[in-house]
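Notes to accompany the following structure.
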Amino acid sequence: MKNKRVRVRFAPSPTGPLHMGGVRTALYNYLFAKKNNGDFLLRIEDTDQSRYVEGSEKYIVDSLRWCGISPDEGVGVNNSITDSGPHSPYRQSKRKDIYRPYVEKLIRSGHAYMAFDTPEELSEIRDKSKKAGNPNWQYNSITRASMKNSLTLSAEDVNNKLLSKTPYVVRVKMPHGVEIKFHDEVRGWVSVNSVNVDDKVLMKGDGLPTYHLANVVDDHLMEISHVIRGEEWLPSAPLHVILYDYFQWERPIFAHLPLLLRPDGNGKLSKRDGDKLGFPVFPLNWSHPETKETASGYKEFGFYPEGFVNMLAFLGWNPGTNQEIFSLEELVSSFNLQKVSKAGARFDYDKARWFNQQQLRIRDESLLIDEFVNSIKLKYGISIQNEWAKKALYLFMDRAEFMNQIVTDCYYLFEDPVDYDSKMVEKKWSLNAQLWLKDLAHIFSKTSYSSDEIEASFKNYLNSNSLKFSELGPVLRLAIAGKTQGPSIFTVMELIGKDISEIRINNAITTLN
RNA sequence: GGCCCGUUCGUCUAGCGGUUUAGGACAUCUCCCUUUCACGGAGAAGAUCACGGGUUCGAAUCCCGUACGGGUCACCA
C-alpha cells in the first residue's frame, strides 16, 4: 500500500443529474489524485437498470468537464461518453460477467450463500416484525437460520431449485459478534460489531451484482488505492471492508467526506431541493427526459467554473491558511485529506456568490472583454468594439458578482430609458431642472464629449449658477439612465455619445413635464 | 427505534495540551472615500469552544457520560 500508485475513482449512478455534493466528491477525488500524481477515474455504477435515467451519463461527463476535472481513465475521457483505459469497460452493466466468478468464490469459501426467499416473503416478514414491535427486521446471522437459503436447505433441495431455475439472490454471510475495525482518513478509527451488519445481497435475482459487491470487485480490479466518498456510505463501509478480507485483498484507504447540508437547517442537500431553496443545486441545467421538468445549474446561472469549484472546495475543506481564492492548480497543490473536516457543511449561497465575484475580479481582461462583447450581442443584438467594451465593462464591474449582472445592469448604454424612477422624479425634478438640462445639453455639445470634459463643464455650470451637485447630478442621471444610482454618469454619456445623450435629455424633458 | 458519525461567532472555518483577552472569511452594523449605488479602506458587534464529569501544574484541544444534530438500516446507489 505504501508505495502504490494513487488511483481514485468517482463512481456515480446514472439516475439523474449530478448534484453539487456529487461534484464536490468528484472534485476531492480529483484534487487528491493530482496532488499525488495519481489517476482519477470515472466509473458508472449502473447495476440497477430500473433506475437508469436517459442522459445522466452525458450530464455527469459534461459537468465534470465544465468544472475542469475530467477523468484520466474510464467514462468521459477526452469528453467522450465512451470509456477508455486498461480496465475497460468502466460501466458496471457491461461488466456483468466479471462479477459472477467472484460471487462463486465467496460461496465456495463459505462467505456467501444463496437465498431463495422471494421479495414478497421478505416484505411480509418485515411487516409482521414491525407490527410485533421490531421496526427493523434484518436478514442476518441470527435470522438466516429460519430462512430459505443454501445454509438451511438440504443440498438436494438447493440443487432442485437451481435446476428448476428458481430465482435466488446471493447474500454475504456476516460473522457473528466480530468487531470490524477500519481506519478512515478523515474520521480516524471506525469500529462496528458485525451483529449490526446484515447479510446484504451481493447478487440480485437478475444476476447483476449490487453496488456493494460491484464496487469492491471493481475497486480491487481497477487498483483503486483510496476510496473517497460521501459520509452516507459510512454505514456500509464495514461490509465492504469485510468483503476485502474475505477475498483476501488488500483494503483500500477509506475517506468518508462530510455531507453538504441545506442552508435552512435540516438534512443533507438533495436533488429534490432543486431551485426551491433559491439557488441551483446542479452544476448544469437539467431537464428531465420524461417529466420535462427543468432544474437550473450554476453554469447557466452565471457562475464561472473557477468560482463554483473554489466555493465547493471550501465546503468541508480548507488549507489552514487565510487564503480563500484558489485556482484549480492551487487547490491541487494545497489539498490533503487531513484538512477535510468531519462535520457536515451547511451551504451558504451568499458566500457562493462572493466566490464568483472574486473570480470576476481576477479574471483575465481579454477573456472578460470577449465574454462581455458576446453577451451584449446576444442580449441587445448590438456589436460593440473591444475598446468601447472594455470601458463599459470596467465601468459596471465593481457592483456585480456575475458577468450576466454586468450585462443586465448596463442596459441603458444600449436602450433609452422607458420610465423614470418616480420617487426620485418627485424629489429632484422641477421646472428649473428642465431649464438647467437644456443649458447643459447645449454646453456639453461644445465639448469633445469625453467623460472628463463633460464633468468639467458640468461643474463649471454648477459653480456659475451656485448649484449643488445634489441638485443637478441626479437630474442629469435621471434623464440619461432613468434612475439615480450607477457608475459615473459622465462616462456613461461619453460611451453613448452626444446624439443619444441629447435625445435622452430632450425625451426626459418632454416625458416628465 | 438499532447502529454509525458529528458538535468552535448566524454561516464556512483556523485551532491539533501552554504563544488565545479563541484568528480569518461571508452576512450584519458604523465610519471614511464618493454626485448616487457599488467597489475599496478602517472599525464594531458576534463563540462562557453543546453540556456535565474526569486526566493534567495547565484542555477548545485527551478520556467518559449526557444532550442535540446528521447519516443509515431494500433483490437502490
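Throughout, protein chains are lettered first and strands after them, A, B, ... in sequence-line order, and every chain is numbered starting at 1. Since this is a predicted model, take the numbers as computed values, not measurements. Every heavy atom of this structure was used, including side-chain atoms; hydrogens, water molecules and symmetry mates were not.
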Looking at B:G18, which nucleotide sits across from it as a Watson-Crick or G-U wobble partner, both distances under 3.5 angstrom, or is there none?
B:C57

What about A:F308 and A:F355, are their ring centers closer than 6.0 Å?
no

Atom OH of A:Y461 and atom C1' of B:U35: how far apart are they, to the nearest Å?
17 Å

Could you measure between the two P atoms, the one in B:U61 and the one in B:G18, and give it in whole Å?
12 Å

Identify which nucleotide among B:U36, B:U13, B:G6 has an atom closest to any side-chain atom of A:A343, counting heavy atoms from C-beta outward.
B:G6

Apply side chain to side chain donor-acceptor pair (under 3.5 Å) to A:H176 and list each qualifying residue two or more places apart in sequence or on a separate chain.
A:S141

If pairing means Watson-Crick or G-U wobble with both distances under 3.5 Å, then the partner of B:A47 is none

State the pairing partner of B:U72; accept Watson-Crick or G-U wobble contacts with both distances under 3.5 Å, and report none otherwise.
B:G2

Spacing between A:Q358 atom CD and B:C39 atom P, to the nearest angstrom:
11 Å

Figure out the CG/C1' separation between A:L472 and B:U36, and round it to whole Å.
14 Å

Neighbours of RNA chain B within residues 390-408 of chain A, by heavy-atom distance under 4.0 Å:
A:D398, A:R399

For nucleotides 62-66 of chain B, list the nitrogen or oxygen atoms of the protein found under 3.5 Å from its nitrogen or oxygen atoms, one pair per line.
none

Residues in salt bridge (Lys or Arg N to Asp or Glu O under 4.0 Å) with A:K96, at least two apart?
none

Check the distance between B:U11's P and A:D350's CG and give it to me in whole angstrom.
13 Å

Out of B:G40, B:C26, B:C3, minimum distance to the side chain of A:R361 belongs to B:G40

Between the base of B:A27 and the side chain of A:K351, is there a donor-acceptor distance below 3.5 Å?
no

Take nucleotides 71-77 of chain B nucleotide by nucleotide from the 5' end and write B, S or -, depending on whether a protein heavy atom sits under 4.0 Å from the base, only from the sugar-phosphate, or from neither.
BSB-BBB

Counting side-chain heavy atoms from C-beta on, which of B:A25, B:G1, B:C12 comes nearest to A:A345?
B:C12

Whole-Å gap separating P (B:U13) and CG (A:D348)
11 Å

Under the salt bridge (Lys or Arg N to Asp or Glu O under 4.0 Å) test, residues paired with A:E471 that sit two or more places apart
none

For B:G23 versus B:G40, give the span between their C1' atoms, rounded off to a whole number of Å.
23 Å

Taken in chain and number order and not counting sequence neighbours, the residues that satisfy salt bridge (Lys or Arg N to Asp or Glu O under 4.0 Å) with A:K268 are none

Send over the distance from A:L257 CG to B:U13 P, rounded to a whole Å.
12 Å

Under the side chain to side chain contact (heavy atoms under 4.5 Å, CB included) test, which residues partner A:D198, sequence neighbours left out?
A:Q138, A:N140, A:K200

Nucleotide of B:C5, B:U35, B:C12 approaching A:R187 most closely (side-chain heavy atoms):
B:C5

Tell which nucleotide pairs with B:U36, taking only Watson-Crick or G-U wobble pairs whose two distances are both under 3.5 angstrom.
none

What side-chain donor-acceptor pairs closer than 3.5 Å can you find for residues 227-234 of chain A, not counting sequence neighbours?
{"from": "A:R229", "atom 1": "NH1", "to": "A:H256", "atom 2": "NE2", "distance (Å)": "3.1"}
{"from": "A:R229", "atom 1": "NH2", "to": "A:Y211", "atom 2": "OH", "distance (Å)": "3.3"}
{"from": "A:R229", "atom 1": "NH2", "to": "A:H240", "atom 2": "ND1", "distance (Å)": "2.8"}

Salt bridge check: are A:D117 and A:K148 linked by an N-O gap of less than 4.0 Å?
no

Pair assignment for B:A27, Watson-Crick or G-U wobble, requiring both distances under 3.5 Å:
none

Rounded to the Å, how far apart are A:N322 CG and B:G15 C1'?
12 Å

Contacts of A:P14 meeting side chain to side chain contact (heavy atoms under 4.5 Å, CB included) (sequence neighbours excluded), chain-then-number -> A:I44, A:D46, A:Y52, A:S56, A:E57

Using atom CD of A:E179 as one end and atom P of B:C3 as the other, report the distance to the nearest whole Å.
12 Å

Taking the side chain as every heavy atom from C-beta outward, state whether A:V170 and A:V201 have any atom pair closer than 4.5 Å.
no

Is A:D409 paired with A:R399 through a side-chain N to carboxylate O contact shorter than 4.0 Å?
no

For A:S464, check side chain to side chain donor-acceptor pair (under 3.5 Å) against everything at least two apart and list the hits.
none

Identify, with sequence neighbours excluded, every residue that meets salt bridge (Lys or Arg N to Asp or Glu O under 4.0 Å) alongside A:K161.
none

Identity of whatever pairs with B:U7 - Watson-Crick or G-U, under 3.5 angstrom:
B:A67

